[in-house]
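Working notes, beginning with the structure itself.
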Amino acid sequence: MNAPQEEKGREPRVGVYVCQCGHNIGRVVDCEAVAKYASGLGGVVHASTNRYSCSEPGQNGMVKDIVEKKLDRVVIAACSPRLHEPTFRKMLETAGLNPYLLEMSNIREHCSWVHEDGKTATAKAKDLVHMAVERARLLEPQEAATVPVTQAAMVVGGGIAGIQAALDLADQGYQVYLVEKEPSIGGMMAKIDKTFPTMDCSI
Amino acid sequence: MMDAGRHPKIKVLAGSELKSVSGYIGNFTAVVRQKARMVSSACTSCGDCVEVCPVSVPDEFEEGLGTRRAIYKPFPQAIPSLFLIDPDSCLGSNPVACGKCKEVCGAKAIDYAMRDEEIVLSVGTVVVATGAEPWDPTPNVEYGYSRHLDVLTSIEFERMLSAGGPTGGHIQRPSDGKEPRSIAYIQCVGSRTQDPCRGMTYCSSFCCMETVKTTLQVQEHIRGVKQTVYYMDIRAFGKGFEGLYTRSRADGVRYVHSIPSSVTRDAAGRLLCRIADPDTGELREEAHDMVILAVGVKPRTDSDAIQKLFTLSRTEDGFFLESHPKLKPVDTPTGGVFLAGFVESPKDIKDCVTQASAAASRASILMRKGEVTVEAITSSIDPGLCTACGQCAKVCPFHAITVDKEKGTATVVEALCQGCGTCGPECRFDAVSLRHFTDEQFFNQIDAALEEEPEKKVLAFCCNWCSYAGADFAGVSRMQYPGSVRIIRSMCSGRIDERFVLYAMEKRAGIVLVSGCHIGDCHYIDANKSTLTRVEKLQERMRAAGLDVGRLHRRWVSAAEGRRWADTIQELADRLPSVDPAEVSKAADWARDQRVKYEKRVEKHREKRRAPKPAMAGSGAGGAA
Ligand SMILES: Cc1cc2nc3c(=O)[nH]c(=O)nc-3n(C[C@H](O)[C@H](O)[C@H](O)COP(=O)(O)OP(=O)(O)OC[C@H]3O[C@@H](n4cnc5c(N)ncnc54)[C@H](O)[C@@H]3O)c2cc1C
């Protein structure tokens, strides 16, 4: 197995959090067992469960651990990274860690929600956490680049939705280009005489 | 509409279509093609030209119920408030052929030589609000839309009710011009059906209220008119809706819980709706003078073009997919691009407006900040190992790699690199690496996933945007499938090096799955085409080595295809018990040989270059040793 490279000679200190997500995960996966299993994995210096990792008490607890136990890699076994990775990356920053030192393990969408059998789900959750820990040990800090944002917007489609979006943006002072395929804006609504629920004219 | 036309900060580009879009969040460049109107902004909207135009064609705006000229204004309140010439029906500029409008135009606004224009826009954010299409009821043959003149769609009827419409707001039967005494409405035409020829599966959501509204309007137009609404459910769920529905019923409109099985015409020219009595189930016919089909909406047939331009995804019903159905309802997976209106799902005006304000607000948050952090995930090339062969540059979808043959090395232009990592697997000498998704990290994950009972597992490589999201969607929808799958996420399936697959074979994975976006849906333009070629090549090599290619699969799964994901895993898991351990051993040996060969080649190359071993290339199992 690959040893971590970044701090030469020093094993990273991985913290693992197994989220119960209320009953969403906890009902199926034996989270305590997964945390216990995680505590025996290489590089792991802390492993525990959380009722709701994304909640304030959940995050505060993790920040405290990171600082007190000098954790430098964090594995959160919870929902999909597509949902809460940004949340937890911010949390790492709060704790003084580079946000890229986080690895999420998806034991909700990919586990407790799709496998009803607790034994299967718990075994799989252990594997998923193990995989995440192994990846986490090799994570390195990354510097995200910032790029300027052009102060103009394009709205494609000039129906009521496009018109409203264009007006709101323009009223805030942004230059807006409203691109409409047809010779006039208006879309479907322009054809309607009176509209519910107000029964007034549409244009 | 007027406000948008007059706003100093809004430039309306009508008659325009997007040709291309490049760039990324905060920095998009769009090329727009604007059709020549052949009428300049000098037009005063006087309408003299229309009087002399000899051409008459069906008017699209009036749903074909009226006609227009070749030079026309789409409708009186049109924005921009200019006339235009329809080149397809115009007889031409040649004075012999016609040229009459130009002669009478006092403002000298007509210019037949006007050509289409290409406009380049630089924008930071985009709102996609391209709407939807009404369902065409022609295939719903039982309603006789194409047989009977007096069967109209709700949109055609809207035009008839409009004071500015083809009949001046007078309701009349198209067949004989007479005022109807009895009007029937058939609900859910093109909605809520399992038969794809007859419509869509979903509820179009606005049609119930649109019919309720129309009945109230008609009541004002024709005193004592009889109105009947045939429905399967009346969905009057919004604020103020129930009140309108109650009013319509109190006004004497009949709501009949039955959908006609046919509409026929009797000798007297009346339309007979055949229904089953909601109470007794008895079949009977009810006669009406006009029948209005409350048509739903479907995704635009030209949605593909927009989808490709902005690399968006679509849900199973064909509408564009939001980042998250509850928490990010107007964001899309493409940073800086937002959705509003029908394009996301059928809805009424109020919901369109609300969603549009939300999209505008999401976009302005980005712009107000002035700068945005882009993913730190980019590729880098080790100049010590690079031979400037240019293979990586060839597959880069963003042209982010420049190859300098003289210096003998390739370089990644970081500002252009989007981090798909499809360059890495192309390199024969291990010179390319992707930040945050390194080879070693993948090998470590494979090791961990296959530590116990590897033969009983399906190891799946999934791309972040489609197949991983598809698996998420299966979870959100609580679709059950076997627990034998272990997913390794990469940003793009193009990142999946054949060495990862081989290593999984060496570690005795029962089945390996490489999964990504459908061709054409790739978040990184077409990086997944490399995935396709690579998996096929590897399967070919396995075949040549006499191995079972049934252990390596490549499947495309979109973010909306939770069902497809669950079915795929079910199918692969079902194959696991029949995987022969002897076959696994044979493949493992072969895969090990392949790895050793690769490592030797890289080692030799490194020595030749006298390049010191980079720190990253650890002593690890699958890593380049
Ligand atoms: C018969 C009928 C009656 C209705 N009555 C009511 C009512 O009384 N009250 C109510 O609240 N709602 C009503 N609705 C619903 C309402 O019309 C819609 O909610 C609303 O008009 C949708 O607006 P939109 O901007 O999302 O889409 P659209 O109105 O469809 O606008 C989309 C625009 O984008 C343009 N476009 C498409 N593709 C491109 C492209 N590639 N490039 C550039 N431009 C493009 C189109 O030309 C169009 O102008 C009714 C709908 C129908 C069909």
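Proteins get letters first, then strands, A, B, ... in listed order; numbering begins at 1 in each.
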Part of A/Asp171 within contact of chain B (heavy atom distance under 4.5 Å): both
Counting only non-hydrogen atoms closer than 4.5 Å, can you tell me which residues of residues 148-157 of chain A sit against chain B? A/Pro148, A/Val149, A/Thr150, A/Gln151, A/Ala152, A/Ala153, A/Met154, A/Val155, A/Val156, A/Gly157
So, the part of B/Ile446 with a heavy atom under 4.5 Å from chain A: the answer is neither
Would you say the side chain of A/Gln164 lies within less than 4.5 Å of the side chain of B/Cys352, judging by non-hydrogen atoms? no
Between the CG atom in A/Leu169 and the OG atom in B/Ser361, the distance rounded to the nearest 0.5 Å is 9.0 Å
Engaged part of B/Val32 at the chain A interface, taking heavy atoms whose separation is under 4.5 Å: side chain
Given heavy-atom pairs under 4.5 angstrom as the criterion, report whether the side chain, backbone, both or neither of A/Glu182 touches chain B. backbone
Checking A/His130 against B/Arg486 for the side-chain contact (heavy atoms from CB on, under 4.5 Å) test, could you report, in this order, the C-alpha distance in whole Å, the side-chain angles of both residues, the deciding distance, and whether it holds? CA-CA 11 Å; A/His130 186 188; B/Arg486 301 289 178 271; over 6 Å; no
I need the minimum non-hydrogen distance between B/Arg159 and A/Ala190, along with the two atoms involved. NH1-O, 4.1 Å
Summary of ring-ring contact (aromatic ring centres under 6.0 Å, His included) pairs that have at least one residue in residues 170-200 of chain A, sequence neighbours excluded: A/Phe196-B/Phe241
Please rank A/Gly187, A/Ala132, A/Ala161 by heavy-atom pairs under 4.5 Å with chain B and give me the top one. A/Ala161
Quick one: side chains of residues 98-107 of chain A, donor-acceptor pairs under 3.5 Å with protein atoms, not counting sequence neighbours, listed by atom name and distance.
| from | atom 1 | to | atom 2 | distance (Å) |
| --- | --- | --- | --- | --- |
| A/Asn98 | OD1 | A/Tyr100 | N | 2.8 |
| A/Asn98 | OD1 | A/Gln142 | N | 3.2 |
| A/Asn98 | ND2 | A/Gln142 | O | 2.9 |
| A/Tyr100 | OH | B/Glu375 | OE1 | 3.1 |
| A/Tyr100 | OH | B/Ala376 | N | 3.2 |
| A/Glu103 | OE1 | A/Arg135 | NE | 2.9 |
| A/Glu103 | OE2 | A/Arg135 | NE | 3.3 |
| A/Ser105 | OG | A/Leu128 | O | 3.4 |
| A/Asn106 | OD1 | A/Arg108 | N | 3.4 |
| A/Asn106 | OD1 | A/Glu109 | N | 3.1 |
| A/Asn106 | OD1 | A/His110 | N | 3.4 |
| A/Asn106 | ND2 | A/His110 | NE2 | 3.4 |
| A/Asn106 | ND2 | B/Tyr468 | OH | 3.3 |
| A/Asn106 | ND2 | B/Asp472 | OD1 | 3.0 |

Minimal heavy-atom distance between A/Pro183 and B/Tyr72, with the atoms involved, is CG-OH, 3.9 Å
Okay, B/Ala359 and chain A: the region with an atom under 4.5 Å from a heavy atom over there is neither
Could you measure the distance from the CE atom of B/Met1 to the CE atom of A/Met189? Nearest 0.5 Å is fine. 7.0 Å
Could you check B/Arg435 against A/Glu140 for salt bridge (charged side-chain N to carboxylate O under 4.0 Å, His left out), going step by step and ending with a plain yes or no? CA-CA 9 Å; B/Arg435 292 191 182 89; A/Glu140 290 183 70; over 6 Å; no
Straight-line distance of B/Ile488 CD1 to A/Met131 CE, nearest 0.5 Å: 4.5 Å
Heavy-atom cut-off 4.5 Å, strictly under: side chain, backbone, both or neither for B/Arg368 against chain A? both
All heavy atoms of A/Gln172 vs all of B/Ala360, minimum pair found to be NE2-O, 4.4 Å
Using non-hydrogen atoms only, which part of B/Tyr24 is less than 4.5 Å away from chain A: side chain, backbone, both, or neither? side chain
Please report the interatomic distance CD(A/Gln175) to CE(B/Met367), rounded to the nearest 0.5 Å. 10.5 Å
Quick one: of A/Leu167, A/Ile163, A/Thr198, who has the most non-hydrogen atom pairs under 4.5 Å with chain B? A/Leu167
So for B/Met479, is it side chain, backbone, both, or neither that comes closer than 4.5 Å to the heavy atoms of chain A? backbone
Derivation of the side-chain contact (heavy atoms from CB on, under 4.5 Å) call for A/Lys124 and B/Val485: CA-CA 8 Å; A/Lys124 179 170 172 179; B/Val485 62; 3.5 Å; yes
With heavy-atom distances below 4.5 Å as the criterion, would you say the side chains of A/Pro197 and B/Lys239 are in contact? no
N/O donor-acceptor pair under 3.5 Å between A/Ser184 side chain and B/Ile79 backbone: yes
Which heavy atom of A/His115 sits nearest to which heavy atom of B/Pro482, and what is that distance? CE1-O, 3.3 Å
Output yes when a side-chain donor or acceptor of B/Lys213 lies under 3.5 Å from a complementary backbone atom of A/Lys194, and no otherwise. yes
Return each pair, listed once, that meets side-chain hydrogen bond (donor to acceptor under 3.5 Å, both in side chains) where at least one residue sits in residues 20-31 of chain A; pairs must be two or more places apart or across chains. A/Asn24-A/Trp113
Please examine the side chains of B/Glu17 and A/Val179, heavy atoms only from C-beta on, and report whether any two atoms are closer than 4.5 Å. no
Side-chain heavy-atom pair A/Leu178, B/Lys11 within 4.5 angstrom cut-off: no
Can a donor-acceptor pair be found, under 3.5 Å and without considering hydrogens, that links the side chain of A/Glu134 to the backbone of B/Asn444? no
Is A/Lys191 salt-bridged to B/Glu63, cutoff N-O under 4.0 Å? yes
Whether B/Lys457 and A/Asp127 form a salt bridge (side-chain N of Lys/Arg under 4.0 Å from carboxylate O of Asp/Glu) is what I want to check. yes
If every non-hydrogen atom of A/Met188 is compared with every non-hydrogen atom of B/Val297, which pair is closest and at what distance? CE-CG1, 3.8 Å
Side chains of B/Val372 and A/Thr146: does their closest heavy-atom pair fall under 4.5 Å? no
Residue A/Leu41 versus chain B: region with a heavy atom under 4.5 Å: neither
Measuring from atom CG of A/Leu138 to atom CD of B/Gln445, what distance do you get when rounded to the nearest 0.5 angstrom? 9.5 Å
Toward chain A, the part of B/Asp86 with a non-hydrogen atom under 4.5 Å: neither
Are side-chain heavy atoms of B/Gln441 and A/Leu139 found at a separation under 4.5 Å? yes
Just give me the residue among A/Asp168, A/Ile160, A/Val114 that pairs up with chain B most often, heavy atom to heavy atom, under 4.5 Å. A/Val114
If I take atom OG1 from residue A/Thr195 and atom NZ from residue B/Lys350, how far apart are they, to the nearest 0.5 angstrom? 12.5 Å
Would you name the heavy atoms of B/Gly483 and A/Thr120 that are closest together and state the gap between them? CA-CG2, 3.8 Å
Test side-chain contact (heavy atoms from CB on, under 4.5 Å) applied to B/Glu371 and A/Val147, step by step: CA-CA 5 Å; B/Glu371 55 177 32; A/Val147 293; over 6 Å; no
Interface residue of largest heavy-atom contact number with chain B, from A/Ala145, A/Gly162, A/Gly186, under 4.5 Å: A/Ala145
A/Lys181 vs B/Ser16, side-chain contact (heavy atoms from CB on, under 4.5 Å): CA-CA, chis, key distance, verdict: CA-CA 5 Å; A/Lys181 198 173 193 165; B/Ser16 301; over 6 Å; no
